[in-house]
Number of protein chains: 2
Amino acid sequence: MSAPSFRNWQSVQEEVRRRIHARIWKPGDLIPNEADLALEFGCARTTVNRALRALADAGVLDRRRKAGTRVAAQPVAKATLQIALIKTEIRERGQDYSYQRLTRSKSIPPAAISDVMQTAQSRALLHIRALHLADDKPYAFEDRWINTDVVPSARAEAFDMLSPNEWLLTHTPYTHGEIAFSATEATADEAAVLKCAEGSALFAIDRMTWDGARSVTKVRLLFRPGHQLRTNL
Amino acid sequence: MSAPSFRNWQSVQEEVRRRIHARIWKPGDLIPNEADLALEFGCARTTVNRALRALADAGVLDRRRKAGTRVAAQPVAKATLQIALIKTEIRERGQDYSYQRLTRSKSIPPAAISDVMQTAQSRALLHIRALHLADDKPYAFEDRWINTDVVPSARAEAFDMLSPNEWLLTHTPYTHGEIAFSATEATADEAAVLKCAEGSALFAIDRMTWDGARSVTKVRLLFRPGHQLRTNL
DNA sequence: AAAATTATTATGTATGCACATAAAAGCATC
DNA sequence: GATGCTTTTATGTGCATACATAATAATTTT
């Protein structure tokens with residue numbers, strides 16, 4: 001039984017995964033330290049470190065200085081969702097993309113909006129309602145508020161050809177944001193726009209982005225009934 | 001103007017982020033190569049590499065050998081969702097968790113299930129329906145099928161005290177899986193279990209895990225109306 | 001016995017160097 | 001001018017070494 005020698009970090013990672021899967025190292029178990037593994041695998045500690053770090057990032061391992069590395073007791077399923085442009089999303093499905101701006105106005109937002117965006121109640125924001133279509137059928141309804149104090153150049157945009165979804169991505173930097181997924185019943189308005197029954201269960205994505213302490217934009221995307229957001233684990 | 005000297009990868013990362021945000025490097029732009037940046041930042045190329053690699057992982061940069069590194073033209077919003085145990089999820093909200101098994105049976109699944117799980121149509125699977133409660137109010141309805149060929153030990157489990165959600169996590173290794181989020185209208189059955197109106201918009205998570213080529217389990221989680229899944233960008 | 005201090009240890013990371021590898025660019029050949 | 005080969009180059013990775021840092025364990029002090 002000689003050392004098989006794992007000469008790159010990917011193979012080390014694979015071997016560690018194998019051992020966890022084979023229950024040689026069980027959830028909650030402390031695994032040997034990097035130096036020992038390096039010795040066993042016949043590689044440098046750096047290489048082991050790289051492999052274990054990647055596994056920790058993936059949620060498979062829990063690592064803490066001095067305490068050592070252990071197999072995650074609760075392997076948190078980390079689903080990484082790729083939120084692409086709606087245009088891209090539709091085209092990748094092999095469908096034809098089109099876009100319709102419904103309304104564009106500068107108006108005082110309801111309190112619910114100015115509250116979460118932390119803008120003054122009396123402050124007018126740019127409000128755009130638009131529809132994204134796949135093969136000429138309604139796909140997603142975009143309802144967006146833009147803080148023109150932060151994005152002054154948006155004032156000059158009509159958003160009649162280019163969706164705010166796309167325009168903002170390339171024109172507006174942001175530092176951080178929040179995203180929330182939920183289900184909601186279609187109001188009469190929303191049903192009319194999406195051409196579905198009132199009260200249908202719609203998949204909703206609410207996203208808000210910030211540039212430092214100032215809110216950039218808040219958007220609600222409502223997808224036609226049956227929409228799924230999927231990814232691999 | 002002397003070199004400020006960035007001596008660790010985090011600060012290099014920050015500086016790169018800053019330059020992208022300040023539009024010094026615009027989306028689509030090619031940025032200087034690692035060696036040049038290392039020189040400019042007064043650190044080793046390894047350090048720059050680490051920083052740029054992390055940014056590429058985050059979707060901020062696109063890197064290709066020989067072609068160089070460029071600012072992502074379409075900064076794909078990568079939302080990483082932490083799908084924890086429902087018990088953990090509820091407890092973290094400061095609520096009281098309880099669990100009720102509704103039914104447990106070994107039965108032939110509908111074709112829709114055996115199809116996606118790629119089990120023989122005539123093959124009986126373990127079917128569990130259970131309810132997760134927060135402060136004694138229905139929180140999520142779990143409807144699960146378990147492939148007992150792959151998880152024989154599940155045959156001995158009653159799942160009357162411990163939810164399959166929790167039991168499987170610690171007892172069953174899997175190699176990969178899929179997860180999908182959607183919105184669905186509550187059927188009469190589901191409405192009764194979740195104590196909500198029939199036709200309510202429910203947030204649904206469908207998850208299926210595999211051990212190599214064999215399906216381990218398929219679960220549908222239906223959350224009470226109003227449920228949100230949120231994360232930061 | 002409790003609290004504060006010190007030692008130990010496993011992970012975290014920076015560095016210089018070497019070589020691997022993918023892909024673009026240049027060059028030669030037909 | 002299209003095709004295939006060669007060179008160049010930027011990223012990708014491995015390794016030895018050194019030191020940093022956080023957290024535990026051991027020890028001393030109160």
Side-chain angles (χ1 to χ4, degrees), chain A residues 2-17 19-20 24-73 75-76, chain B residues 2-17 19-20 24-73 75-76:
Chain A
S2 72
S5 179
F6 298 90
R7 325 205 75 262
N8 59 45
W9 72 268
Q10 289 95 335
S11 70
V12 169
Q13 194 190 39
E14 243 175 78
E15 174 63 10
V16 172
R17 279 207 130 103
R19 292 189 186 181
I20 293 171
I24 296 170
W25 294 334
K26 289 183 270 297
D29 278 6
L30 199 64
I31 75 172
N33 69 41
E34 294 185 347
D36 290 349
L37 286 176
L39 209 67
E40 186 196 335
F41 291 149
C43 64
R45 183 171 79 89
T46 324
T47 308
V48 174
N49 180 277
R50 180 90 155 82
L52 298 188
R53 187 153 41 80
L55 287 169
D57 283 347
V60 175
L61 295 176
D62 280 335
R63 324 192 71 199
R64 260 170 53 224
R65 273 179 175 157
K66 163 74 183 171
T69 302
R70 49 185 72 234
V71 180
V76 213
Chain B
S2 72
S5 179
F6 299 91
R7 325 207 76 261
N8 58 47
W9 73 268
Q10 289 94 336
S11 69
V12 169
Q13 194 190 39
E14 244 175 79
E15 174 62 10
V16 172
R17 280 207 129 105
R19 291 187 187 184
I20 293 172
I24 295 170
W25 294 334
K26 289 182 269 297
D29 279 6
L30 199 64
I31 76 173
N33 69 42
E34 295 184 347
D36 290 349
L37 285 175
L39 207 68
E40 186 195 336
F41 291 151
C43 65
R45 184 172 77 91
T46 324
T47 307
V48 174
N49 179 277
R50 181 88 155 83
L52 298 188
R53 185 153 43 80
L55 287 170
D57 283 347
V60 176
L61 296 176
D62 281 335
R63 323 192 71 198
R64 261 169 56 224
R65 272 180 174 157
K66 163 76 184 170
T69 301
R70 51 184 70 235
V71 180
V76 211

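Numbered from 1 within each chain, the chains take letters A, B, ... in sequence-line order.
- The distance from atom CG of B/L30 to atom C1' of D/dT11 is 12 Å, rounded to the nearest whole Å.
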Distance-only check: which donor-acceptor pairs under 3.5 Å involve side-chain atoms of residues 53-63 of chain B, not counting sequence neighbours?
residue : atom : partner : partner atom : Å
B/R53   : NE   : B/N49   : OD1          : 3.4
B/R63   : NE   : B/T69   : OG1          : 3.1
B/R63   : NH1  : B/E34   : OE2          : 3.3
B/R63   : NH2  : B/E34   : OE2          : 2.6
B/R63   : NH2  : B/T69   : OG1          : 3.3

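- In this structure, B/T46 has no side chain to side chain donor-acceptor pair (under 3.5 Å) partners at least two apart in sequence or on a different chain.
- With sequence neighbours excluded, the residues satisfying side-chain contact (heavy atoms from CB on, under 4.5 Å) with B/E15 are B/F6, B/R18, B/R19, B/F41.
- Residues meeting the salt bridge (charged side-chain N to carboxylate O under 4.0 Å, His left out) test with A/R65, sequence neighbours left out: none.
- Residues forming a side-chain contact (heavy atoms from CB on, under 4.5 Å) with A/L30 (at least two apart in sequence, or on another chain): A/R70.
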For nucleotides 3-12 of chain C, 5' to 3', base contacts (B), sugar-phosphate-only contacts (S) and non-contacts (-) with protein non-hydrogen atoms under 4.0 Å give -----BBBBB
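- Rounded to whole Å, atom P of D/dT13 lies 11 Å from atom CD of A/Q13.
- Contact annotation: B/T47 does not reach the phosphate of C/dT13 (side-chain N/O to OP1 or OP2, under 4.0 Å).
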